[in-house]
Protein chains: 2
Amino acid sequence: MSHSGQRRISESTVRRLSVYLRFLRELTRQGRELVSSRQLARGCGTTPAQVRKDLSLFGSFGKRGRGYTVDELRRTLEGILGLGRRWRVALVGVGKIGSALLGYQDLARRGFDIAAAFDSDPAKTGQVMSGVQVYPAERLTEVVRMQQIELGIIATPPESAQTVADELVGAGVGAILNFAPVEIDVPESVTVRTMDVALELEGLSFMLTSGDRMPSRE
Amino acid sequence: MSHSGQRRISESTVRRLSVYLRFLRELTRQGRELVSSRQLARGCGTTPAQVRKDLSLFGSFGKRGRGYTVDELRRTLEGILGLGRRWRVALVGVGKIGSALLGYQDLARRGFDIAAAFDSDPAKTGQVMSGVQVYPAERLTEVVRMQQIELGIIATPPESAQTVADELVGAGVGAILNFAPVEIDVPESVTVRTMDVALELEGLSFMLTSGDRMPSRE
DNA sequence: TGATGTGAAGCGGTTCACAGCG
DNA sequence: CGCTGTGAACCGCTTCACATCA
């Protein structure tokens with residue numbers, strides 16, 4: 001065993017760990033006790049070898065000949081991913097996407113609480129939406145600092161995204177989920193992940209166009 | 001030169017092409033004429049060598065000593081990605097996320113028209129939301145076939161996602177963007193991309209937890 | 001001269017195959 | 001015997017370095 005220190009974990013591994021966890025939680029609901037790397041792979045769209053390799057980067061959690069204990073592995077993964085606690089999140093931009101996120105219960109279910117929302121439109125600020133106070137954009141730094149918020153979600157128009165990111169970082173946020181369709185510059189110490197719906201659709205467009213695939217509409 | 005046939009293009013390359021395109025469109029708005037691989041890289045969060053390699057997979061589009069013509073490269077990328085046309089999209093599930101997507105103008109701006117929406121809740125069906133007709137779920141196959149829709153978006157609860165996917169595929173859809181937090185099984189000929197907001201946040205949680213990073217809140 | 005296009009090297013993630021152990 | 005854990009092989013993406021050409 002040699003998995004103590006900060007070995008480099010790839011982004012793809014981390015993403016798969018999250019997928020395993022999501023699946024394990026489903027198995028827990030179903031009351032399943034044990035699960036093999038083969039079953040895990042099937043449910044998560046990967047291979048048994050990949051599952052075992054991913055897990056082996058962190059330790060030995062299975063029982064040879066039997067598989068993994070669902071509940072134990074679930075807790076282990078929660079630990080690895082840093083989900084043994086709840087995270088406070090700041091949401092900036094309460095437009096279409098922002099308000100959808102405010103009402104999206106899956107976030108809280110999985111440990112992420114939107115602690116404060118912000119918008120530059122006075123018509124939206126001052127009220128409580130889906131149980132979350134909406135502050136004017138000017139108060140971002142103050143409120144984020146005060147509430148010790150560590151994660152930010154940007155759901156503003158692309159023009160404002162960089163400015164907002166700078167403010168979030170300045171206020172102490174360590175990672176940002178960006179829904180604005182632009183790349184954002186942050187210091188190395190901060191992580192940004194951009195989710196661009198149209199960009200994903202463009203990827204699908206490429207598959208259908210250039211594809212080895214011929215959609216058979218009989 | 002050797003970029004005629006169906007060489008294998010990696011998912012990461014396709015994603016970057018989309019990012020380049022997004023950036024080029026911004027440069028077009030700014031009236032920029034030329035752009036170098038270095039500038040492209042800066043604006044897209046990658047390296048000049050990567051930019052040139054990505055583009056070289058499809059041809060030679062630059063002028064040595066000068067760079068790339070913004071407008072020309074933009075059109076080239078649109079062609080490669082299959083964006084020289086508009087795509088009709090079916091949206092299934094008009095809850096929080098679904099209705100946000102209905103009103104999200106960036107999709108139409110980038111070539112994706114939601115041609116029909118579906119929901120199983122009778123309270124939502126029959127009306128027109130954001131200019132899109134909302135049909136009862138039972139009519140999915142019929143309407144998707146009739147309108148020759150090729151792309152599907154799933155924004156239902158996770159329990160219904162697989163069933164909906166099967167119906168979409170059965171109705172002739174060739175690719176699916178899935179917002180339900182579950183992996184989905186489809187025939188090999190169909191592409192699925194899953195966008196799970198909480199899963200992305202979990203990735204950020206890992207970075208902050210296990211990170212080489214120490215968020216300095218002074 | 002300056003930036004592209006690209007073979008070749010480098011590197012890291014994935015797959016394989018099997019030893020190890022319940 | 002079955003499934004995990006893992007070194008080694010493999011493969012493909014990224015990076016490098018430079019020939020090439022406007």
Side-chain angles (χ1 to χ4, degrees), chain A residues 1-20 24 27 32-70 72-74 76-77 80 203 206 212, chain B residues 1-20 24 27 32-70 72-74 76-77 80 203 206 212:
Chain A
M1 94 185 45
S2 57
H3 7 255
S4 42
Q6 315 292 64
R7 44 163 73 259
R8 178 136 224 83
I9 303 299
S10 73
E11 190 184 310
S12 27
T13 294
V14 176
R15 170 165 280 114
R16 281 192 301 268
L17 292 180
S18 273
V19 176
Y20 303 154
L24 287 166
L27 293 181
R32 277 285 288 288
E33 287 275 318
L34 286 169
V35 65
S36 68
S37 61
R38 173 182 301 274
Q39 298 166 319
L40 225 19
R42 263 191 216 288
C44 299
T46 184
T47 65
Q50 184 72 74
V51 171
R52 295 198 301 275
K53 179 63 85 178
D54 284 337
L55 298 178
S56 80
L57 296 174
F58 299 92
S60 300
F61 312 118
K63 288 141 184 52
R64 306 198 187 220
R66 329 238 5 249
Y68 303 85
T69 306
V70 171
E72 195 180 306
L73 184 57
R74 200 201 66 224
T76 301
L77 289 183
I80 292 170
F206 175 82
D212 9 33
Chain B
M1 92 185 46
S2 57
H3 8 253
S4 42
Q6 315 292 65
R7 45 166 69 257
R8 177 137 226 82
I9 304 298
S10 73
E11 190 184 310
S12 27
T13 294
V14 176
R15 171 165 280 114
R16 280 192 301 268
L17 292 180
S18 274
V19 176
Y20 303 153
L24 287 166
L27 293 180
R32 278 285 290 285
E33 287 275 316
L34 286 169
V35 65
S36 67
S37 60
R38 174 182 300 274
Q39 299 166 318
L40 225 19
R42 265 192 214 287
C44 298
T46 183
T47 66
Q50 184 72 75
V51 171
R52 295 199 300 274
K53 179 63 85 179
D54 284 336
L55 298 178
S56 81
L57 296 174
F58 299 92
S60 301
F61 311 118
K63 289 138 184 55
R64 307 202 185 214
R66 328 242 3 252
Y68 304 86
T69 307
V70 170
E72 193 180 306
L73 185 56
R74 199 201 67 224
T76 301
L77 289 183
I80 291 170
F206 174 83
D212 10 33

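Note that the coordinates shown come from a computational prediction; the quantities given were computed from them, not determined experimentally. Only heavy atoms go into these numbers, but all of them, side chains included; no hydrogens, no water, no symmetry mates. Chain letters run A, B, ... following the sequence lines, proteins first, then strands; residues in each count from 1.
The CD atom of B/Glu72 sits 14 Å away from the P atom of C/dT4 (whole-angstrom rounding). Straight-line distance from the CZ atom of A/Arg15 to the C1' atom of C/dG13: 15 Å, rounded to whole Å. The interatomic distance linking A/Glu11 (CD) with C/dG12 (P) rounds to 15 Å, in whole Å. Protein atom CG of B/Leu55 is 13 Å distant from nucleotide atom P of D/dT14, rounded to whole Å. We find that CZ of A/Phe58 is positioned 18 Å from P of D/dT4, with the value rounded to whole Å. Rounded to whole Å, the distance from CG on A/Leu40 to P on D/dG2 is 20 Å. Computed from coordinates, the B/Leu17 CG to D/dT14 P distance equals 11 Å when rounded to whole Å. Atom-to-atom, CZ of B/Arg52 to P of D/dA17 comes out at 12 Å; the value is rounded to the nearest Å.
Comparing C/dT15, D/dT14, D/dT15 by their nearest atom to the side chain of B/Ala49 picks out D/dT15. The listed nucleotides are D/dA8, C/dG7, C/dA3; the one nearest the side chain of A/Lys53 is D/dA8. Of the candidates C/dC18, C/dT15, C/dG5, the closest approach to any side-chain atom of B/Ser60 belongs to C/dG5. Each of D/dA17, D/dC3, C/dT14 was ranked by its minimum atom distance to the side chain of A/Ser36; first place goes to D/dC3.
Between A/Leu55 and A/Leu73 there is a side-chain heavy-atom pair separated by less than 4.5 Å. In this structure, the side chains of A/Thr13 and A/Arg16 come closer than 4.5 Å at one or more pairs of heavy atoms. B/Phe58 is not listed as a side-chain neighbour of B/Thr76, based on a closest heavy-atom distance of 4.5 Å or more.
Phosphate proximity of D/dC3 to A/Ser37: absent, as no side-chain N or O sits under 4.0 Å from OP1 or OP2. Residue A/Ser12 places no side-chain N or O under 4.0 Å from the OP1 or OP2 atom of C/dG13. A sub-4.0 Å separation between OP1 or OP2 of D/dA22 and a side-chain N or O of B/Tyr68 is absent. For C/dG13, neither phosphate oxygen OP1 nor OP2 lies less than 4.0 angstrom from any side-chain nitrogen or oxygen of A/Arg16.
Judged by atom type and distance alone, B/Arg64 reaches the base of D/dT20 through a side-chain donor-acceptor pair under 3.5 Å.
Side-chain atoms of B/Gln39 come within 3.5 Å of backbone N or O of B/Ser36 as a donor-acceptor pair.
Along DNA chain C, the nucleotide closest to A/Gln50 and the one closest to A/Arg66 are compared, and the more 5′ of them pairs with A/Gln50.
In this structure, CZ in B/Arg32 is found 10.0 Å from CG in B/Leu24, a value given to the nearest 0.5 Å.
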